[in-house]
Visitor: 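Submitted below is the structure of interest, expressed as structure tokens.
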Amino acid sequence: MTTSTTNSKSGLQQHGTRDAGFSGGQTLLIKNGHVVDPQNNIDEQFDVLVEDGVIAKVAKKISDKAQKIIDAKGLVVTPGLIDMQVHLREPGREDKETIETGSKAALAGGITSVVAMPNVTPVADNQTVIEFIVKRAKELNLVNVYPTGSITKGEKGETLSEINELKRSGAVAITDDGVDVQDEGLLKRAMEYAKTCDMLVMSHCETEDLTEGGVMHEGWVSTQLGLPGISALTEDMAVYKNILLAEETGARLHLLHNSTAGAMRAIREAKKRGSKNITAEVCVQHFALTDEECLGYNTNAKMYPPLRSGDHVVAVIKAIKDGVIDAFTTDHAPHIEPDKIKPFQDAASGFVGLETSFAVMNTYLVKPGHVSFAGALEKMTWGPARILRVNRGHLSVGAPADIAIFDTKKEWVVDEKKFFSKGKNSPFIGKTLTGKAVSTIVGGVLKYHQGEML
Ligand SMILES: [Zn+2]
């Protein structure tokens, strides 16, 4: 049976039953949108035709017949975004987030692929947990979920995980994110092991001896609030340590959530030396906000790395402009309300970012003219795909049809009650952002459209 419906308000025409999905020769045509695909150097009005879940054509005025047509007039069509640092909390803390709610939050943000951090319960340090995440994501069939395994058993920093086993089970990288591997000898062995099985190492850079119970960036604001600070040196030293070990071992190293001027300098120098095995990301909050968000003991602004002072933010933006940074991420870290409604010192670190990251990038980096839209978008599409070595993040013919459609002019006020994520904390709550996902397509299937999951 075939149905034909047109919803002129949403710009979506549907021919055929929605339930049938797009397998078996199904076609989707996105018309009249402004296509921005940094990898293929496309930045102009094009139509995009999708067949059998892959990109079939990107050209002017495609007249092929399609079962579903999306009119993207006035909108921007991009590769689906890839977020390399996401905490989905499942298994173990389904009260905070599940693979399902996290995936829906991703879809609402135009994100079609996420890299899941291994600090779940039990820790993803073995085949069983990795396979569970892969299987659950497959059942849900919402976004592409790439699991990571931990560097050390239980993320305890004592014994190495079976990196080869993690890789065979489907992990795309190893990381002890949430903490850092403090023992340099162990970290060096981990990198040597990772190198032998060509596994990516992702490091959360923190020198615990220097953190000294700090709860926010150490500076004028922490003094003002009378809160113990985390010195920028905590991160700087760990970044240097990781870079030197990666240069020595030749392992592929990706530096997570860099936030300090010192980290920018270290990464810049390493790249200048020609260290091609080292990549680095910045979380969007670290170029958007400063530690002044913590004023009033605002626990929504508590995270690790902490929001830094203005001089660090300037250095981060300068590094982005100079091409030192490879990817933008969220470090999406949902918590239950009772863990955030606490005195600042005791509150949990982290907030939810999947539904705001595109808008934060657009509002704080593109709108003020720091970088071009295509340049910034590259850090959320092809940039991460290249590091992860996955065939996504671009709209080449034959590539999986992961596509996002954005209204880059849409102004909206962040309201936690509208989050699909179970986490309701964000320093962006109440702020006006510009740019919002209208439609998100994964593997050729429209999964999210105008505020609704399909
Ligand atoms: Zn981290």
Side-chain angles (χ1 to χ4, degrees), residues 83 85-106 108-109 111 114 116-121 155 177-179 204 206 211-219 221-222 224-230 234 256-257 259 283-286 288-309 329-357 359-360 412-433:
D83 191 334
Q85 200 192 165
V86 175
H87 297 271
L88 291 174
R89 307 298 192 202
E90 186 180 355
R93 288 308 302 265
E94 291 82 355
D95 52 337
K96 292 186 179 186
E97 192 80 293
T98 62
I99 296 172
E100 182 174 6
T101 55
S103 298
K104 285 181 176 172
I111 295 164
V114 298
M117 294 293 106
N119 56 341
V120 286
T121 316
E155 291 202 2
D177 185 48
V179 291
H204 158 119
E206 178 176 0
T211 307
E212 290 173 346
V215 295
M216 66 171 292
H217 176 66
E218 183 177 82
V221 183
S222 67
Q224 197 74 357
L225 293 172
L227 290 171
I230 303 168
T234 304
L256 296 164
H257 50 51
S259 68
C283 295
V284 295
Q285 57 271 21
H286 288 120
L289 304 176
T290 69
D291 54 351
E292 290 185 32
E293 297 295 323
C294 299
L295 287 168
Y297 302 93
N298 175 17
T299 60
N300 276 337
K302 185 177 178 186
M303 65 193 73
Y304 188 88
L307 291 173
R308 302 289 184 185
S309 50
T329 60
T330 60
D331 198 3
H332 177 87
H335 290 289
I336 50 168
E337 279 299 290
D339 286 348
K340 284 300 254 187
I341 310 175
K342 276 187 175 173
F344 197 95
Q345 269 164 286
D346 306 326
S349 277
F351 72 98
V352 293
L354 291 169
E355 292 165 76
T356 49
S357 61
V360 170
W412 58 291
V413 178
V414 179
D415 176 358
E416 76 278 16
K417 291 189 281 301
K418 293 190 177 150
F419 285 162
F420 286 91
S421 170
K422 284 192 180 184
K424 304 296 175 198
N425 300 101
S426 163
F428 295 100
I429 290 169
K431 289 193 181 358
T432 301
L433 301 179

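Computed from a predicted structure; not experimentally measured. Hydrogens, waters and symmetry mates play no part in the numbers below; they use all other heavy atoms, side chains included.
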Visitor: Would you say that Q345 contacts P228 through its side chain, given a criterion of any heavy-atom pair below 4.5 Å between the two side chains?
Guide: yes

Visitor: Less than 4.5 Å apart, any side-chain heavy atom of L354 and any of S421?
Guide: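 A side-chain contact is absent here, since even the closest heavy-atom pair is not under 4.5 Å.
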
Visitor: For the atom pair CG (N298) and CD (E292), what is the distance rounded to the nearest 0.5 Å?
Guide: 12.5 Å

Visitor: Who are the side-chain hydrogen bond (donor to acceptor under 3.5 Å, both in side chains) partners of S349, not counting sequence neighbours?
Guide: none

Visitor: Can you list the residues that meet the side chain to side chain contact (heavy atoms under 4.5 Å, CB included) rule with V120, with sequence neighbours excluded?
Guide: P91, A124, V129

Visitor: Ignoring hydrogens and angles, tell me if any N or O in the side chain of H332 forms a donor-acceptor pair with the backbone of G102 under 3.5 Å.
Guide: no

Visitor: Supply the atom-to-atom distance L225 CG to Y297 OH, rounded to the nearest 0.5 angstrom.
Guide: 4.5 Å

Visitor: Determine the minimum heavy-atom distance between M303 and P427, stating which atoms define it.
Guide: CE-CG, 4.1 Å

Visitor: Applying salt bridge (Lys or Arg N to Asp or Glu O under 4.0 Å) as the test, list every pair that has at least one member in residues 298-309; sequence neighbours left out.
Guide: E235-R308

Visitor: Go through the structure and list residues passing side-chain hydrogen bond (donor to acceptor under 3.5 Å, both in side chains) with S103, not counting sequence neighbours.
Guide: none

Visitor: Quick one: which residue pairs count as a salt bridge (Lys or Arg N to Asp or Glu O under 4.0 Å) with a foot in residues 417-433, not counting sequence neighbours?
Guide: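 Qualifying pairs, neighbours excluded: E293-K431, D415-K417.
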
Visitor: How many angstroms lie between atom OG1 of T299 and atom CE of M216, to the nearest 0.5 angstrom?
Guide: 12.5 Å

Visitor: Only one of R93, E155, H87 passes side-chain hydrogen bond (donor to acceptor under 3.5 Å, both in side chains) with N119; say which it is.
Guide: H87

Visitor: Just how far is it from atom CG of D339 to atom CG of N425, taken to the nearest 0.5 Å?
Guide: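 CG of N425 is found 9.5 Å from CG of D339.
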
Visitor: Measuring from atom NE2 of H204 to atom NE2 of H257, what distance do you get when rounded to the nearest 0.5 angstrom?
Guide: 5.0 Å

Visitor: Consider only side-chain N and O atoms of E206 and T211, and report whether a donor and an acceptor are under 3.5 Å apart.
Guide: yes

Visitor: Could you grab the distance from atom CG of L307 to atom CD of Q285, nearest 0.5 Å is fine?
Guide: 7.0 Å

Visitor: Without hydrogens or angle criteria, can the side chains of E97 and T101 be said to hold a donor-acceptor pair below 3.5 Å?
Guide: yes

Visitor: Which residues pass the salt bridge (Lys or Arg N to Asp or Glu O under 4.0 Å) test with E100, not counting sequence neighbours?
Guide: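 For E100, the residues satisfying salt bridge (Lys or Arg N to Asp or Glu O under 4.0 Å) (neighbours in sequence not counted) are K104.
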
